[in-house]
Number of protein chains: 2
Amino acid sequence: MAETRLPQADAYTLILAAIDEGIYKPGDRLVESELAERFGVSRTPIREALQRLETQSLLSRDGRSLIVASLDHNQLAELYVVRAELEGLAARLAARHATVEEVRVLRDMVAADRRMVDDPAALSRANKRFHKQIHLGSHNRFLVQQLDLVHRSMALLATTSLAAEGRGGEALDEHAAIVEAIARGDGDEAAEALKAHISHAFETRLKLESGDRRRVGH
Amino acid sequence: MAETRLPQADAYTLILAAIDEGIYKPGDRLVESELAERFGVSRTPIREALQRLETQSLLSRDGRSLIVASLDHNQLAELYVVRAELEGLAARLAARHATVEEVRVLRDMVAADRRMVDDPAALSRANKRFHKQIHLGSHNRFLVQQLDLVHRSMALLATTSLAAEGRGGEALDEHAAIVEAIARGDGDEAAEALKAHISHAFETRLKLESGDRRRVGH
DNA sequence: TGGGCTTAGTCTGCGCGCAAACCACCACAA
DNA sequence: TTGTGGTGGTTTGCGCGCAGACTAAGCCCA
């Protein structure tokens, strides 16, 4: 009874949310019976949810059992390369296909987000919304789907690069530049701006990571 | 007993193969109990397989039941845009990261495939292998995974553009150009050549489709 | 004391059956 | 003839339990 989060969410959504919120961290073992009890359903829907998550590479197999997938340094780099390309494509397409209303929403988002520069958690959520809006602006369902996958994999990363000192402000300036390129209908510029934005985010993450590693003594 | 195709393949693989072979066509309804009987397992593993296929958008829901997804004209165009971008990226990365052995394999493939120009079915299989080899040459696991998804969606299309008169020869010339660009380590050229290749394939498919449509009187 | 065998416990894979939702068909009435 | 309500059959969602595999711990023997 205490676990009735949303009116009715299926096991898949529940487990995804749990990973997203960091309740289960990369490397954690997911035991069917445990999840079943936690969410108050039987093992069957849990099994189905786990398999779906496995096909999206959010879970991987360790022997017979499933664990939350973790990204090593190489995989992180590979992920960012693909992400930059796809986000760049989304920006290019958005410049061509976004409606004036969609562009207006993007502009409003950038303006609203400026008021959150000091709240990394809120900024991170706003950031997700912003990028999602660009994806939708591309009016390409496959691209949206592929980018969803990419962002879901990124949920495996505990920290957000927006937590870095000063990165929030920078990121917002970059967002503004992207939106203006899209508003102008300049696809090349929009794609380049978004690729550069992703590249900076990756760079920031790498710096954060090496910092963390030093602090915790890995 | 008659259905024991491979020693042990799970339901997921079996259903995927059945869609691939055209046993189930876009729009066909997939009934759990039917599949269970056909493959000689109970409904449980079938259900799991169906859900996995649904998360990959190979199946879609029609009311409560699952049908094989079909691609309308818009979706086809959207798919090809994403495909061109990802394949282009793969070529670019392959130019940078492929080993000499991998390049040699690509060259051999092009040479071997020239002997099949008159067999569209064999050519189609060889084509899949060729592109897969380029994906692997990128040495980017995420990219390989994303491209797998794209190609799986393309399995929903009944015809191969290689069936068009003369397309086989053209495609092989384009393959050769791509391989040479990769061999030279010229990423930009490789990406452009592969994008152009995909673009031609799409064009051919569109011509084929309009022809088909005229013939069957849609 | 150490190595191998046995045994108990855990967890996944899968079959099975019930209940609820949905669809189609039909009958009856306006 | 058309609209409305009921009813049966089909199909999915899910709980449950068994069997097999794998793990780990303990015991016996060298």
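Note that these values count all heavy atoms, side chains included, but never hydrogens, waters or copies made by symmetry. First the proteins, then the strands, lettered A, B, ... as listed; each starts at 1.
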Base, sugar-phosphate, or nothing: which does B/Leu66 touch, judged by heavy atoms less than 4.0 Å apart?
->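 No contact at all - B/Leu66 keeps every heavy atom at 4.0 Å or more from the nucleic acid.
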With a 4.0 Å cut-off on heavy atoms, is B/Ile46 in touch with a base, just the backbone sugar-phosphate, or nothing at all?
-> nothing
In whole Å, what is the span from the [atom1] atom of [X] to the [atom2] atom of [N]?
| X | N | atom1 | atom2 | result |
| --- | --- | --- | --- | --- |
| B/Leu59 | D/dT11 | CG | P | 17 Å |
| A/Leu14 | D/dC14 | CG | P | 12 Å |
| B/Leu35 | D/dT11 | CG | P | 12 Å |
| B/Glu32 | C/dA21 | CD | C1' | 14 Å |
| A/Arg43 | D/dG13 | CZ | P | 19 Å |
| B/Tyr12 | C/dG13 | OH | C1' | 19 Å |
| A/Leu30 | C/dC11 | CG | C1' | 13 Å |
| A/Glu34 | C/dT10 | CD | P | 13 Å |

Identify whether the distance between the nearest side-chain nitrogen and carboxylate oxygen of [X] and [Y] falls below 4.0 Å.
| X | Y | result |
| --- | --- | --- |
| B/Lys207 | B/Glu203 | yes |
| A/Arg47 | B/Glu48 | yes |
| A/Asp113 | A/Arg129 | no |
| A/Arg29 | A/Glu34 | no |
| B/Arg167 | B/Glu174 | yes |

Just compare [options] and give me whichever is closest to any side-chain atom of [X].
| X | options | answer |
| --- | --- | --- |
| A/Pro45 | D/dC14, C/dT12, C/dC14 | D/dC14 |
| B/Arg64 | C/dT12, C/dC22, D/dG15 | C/dC22 |
| A/Val31 | D/dT11, D/dG13, C/dT12 | C/dT12 |

N or O in side chain of A/Arg47 less than 4.0 angstrom from C/dT12 OP1/OP2 | no
Residue-phosphate contact under 4.0 Å: A/Thr44 side-chain N/O, D/dC14 OP1/OP2 =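 Answer no for this pair, as no side-chain N or O of A/Thr44 is under 4.0 Å from OP1 or OP2.
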